[in-house]
Amino acid sequence: MKCYDCDVTGIEETVAIGVCRRCGLVVCADHGRVTQVLVHRANGVGKATSDRPARRVLCSPCHGAERPH
Ligand SMILES: [Zn+2]
Ligand SMILES: [Zn+2]
């Protein structure tokens, strides 16, 4: 699979590392942003978050769009 951002900029033969969780486009290591998020559990008592953060892939436009201003 080709990275979408590389494809539109004319870069060939990129290796995709993941799929953006927001828009679903394929991204390479240069254009993808892997972030860690805490998973919130709704299980009543005790801690509300998992000890281990979950991993999430976003493309750079979606990462930029989600960043707090
Ligand atoms: Zn790329
Ligand atoms: Zn995206």
Side-chain angles (χ1 to χ4, degrees):
M1 288 241 264
K2 273 168 95 176
C3 164
Y4 175 78
D5 281 327
C6 286
D7 194 44
V8 295
T9 51
I11 303 168
E12 298 290 332
E13 295 179 33
T14 53
V15 178
I17 54 110
V19 175
C20 176
R21 289 292 297 273
R22 179 164 284 271
C23 69
L25 287 176
V26 176
V27 288
C28 71
D30 282 344
H31 292 114
R33 298 284 182 272
V34 178
T35 57
Q36 292 191 326
V37 286
L38 289 176
V39 178
H40 292 274
R41 291 174 174 167
N43 60 355
V45 294
K47 289 202 307 175
T49 54
S50 169
D51 288 335
R52 292 173 165 202
R55 201 154 47 188
R56 191 158 170 267
V57 179
L58 288 174
C59 68
S60 72
C62 289
H63 184 261
E66 285 196 357
R67 206 166 35 202
H69 297 289

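These numbers were taken from a predicted model, which means no experiment stands behind them. We count ligands from 1, going down the list as the structure has it; atoms in each ligand are counted the same way.
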TODO: Kindly give the cluster partners of Leu25, where membership spreads through any ILVMFWY side chain lying under 4.5 Å from a current member.
DONE: Tyr4, Val8
TODO: Taking all non-hydrogen atoms of both residues into account, name the closest pair between Val19 and Val57 and its distance.
DONE: O-CB, 3.6 Å
Open item on the list: Ignoring hydrogens, what is the shortest heavy-atom contact between Leu58 and His63? Give both atom names and the distance.
Closed with: CD1-CA, 4.0 Å
Open item on the list: Just to confirm my numbers, could you give the angle made at the Zn ion (ligand 1) by SG of Cys6 and SG of Cys28, rounded to 10°?
Closed with: 110°
Task: Residue pair Ile17 / Cys28: nearest heavy atoms and the distance that separates them - done: CG1-C, 3.3 Å
Task: Nearby protein N/O/S atoms (those under 2.8 Å) for the Zn ion (ligand 2), with water ignored - done: Cys20 SG, Cys23 SG, Cys59 SG, Cys62 SG
- [ ] Taking all heavy atoms of Thr14 and all of Cys6, pick out the closest pair and write down the distance.
- [x] CG2-SG, 3.1 Å
Task: Electrostatic pair Glu66-Arg21, nearest N-O below 4.0 angstrom - done: no
Task: Exercise: identify the closest heavy-atom pair between Cys20 and Cys23 - done: SG-N, 3.4 Å
Task: Shortest-distance N, O or S atom of His31 relative to the Zn ion (ligand 1) - done: ND1
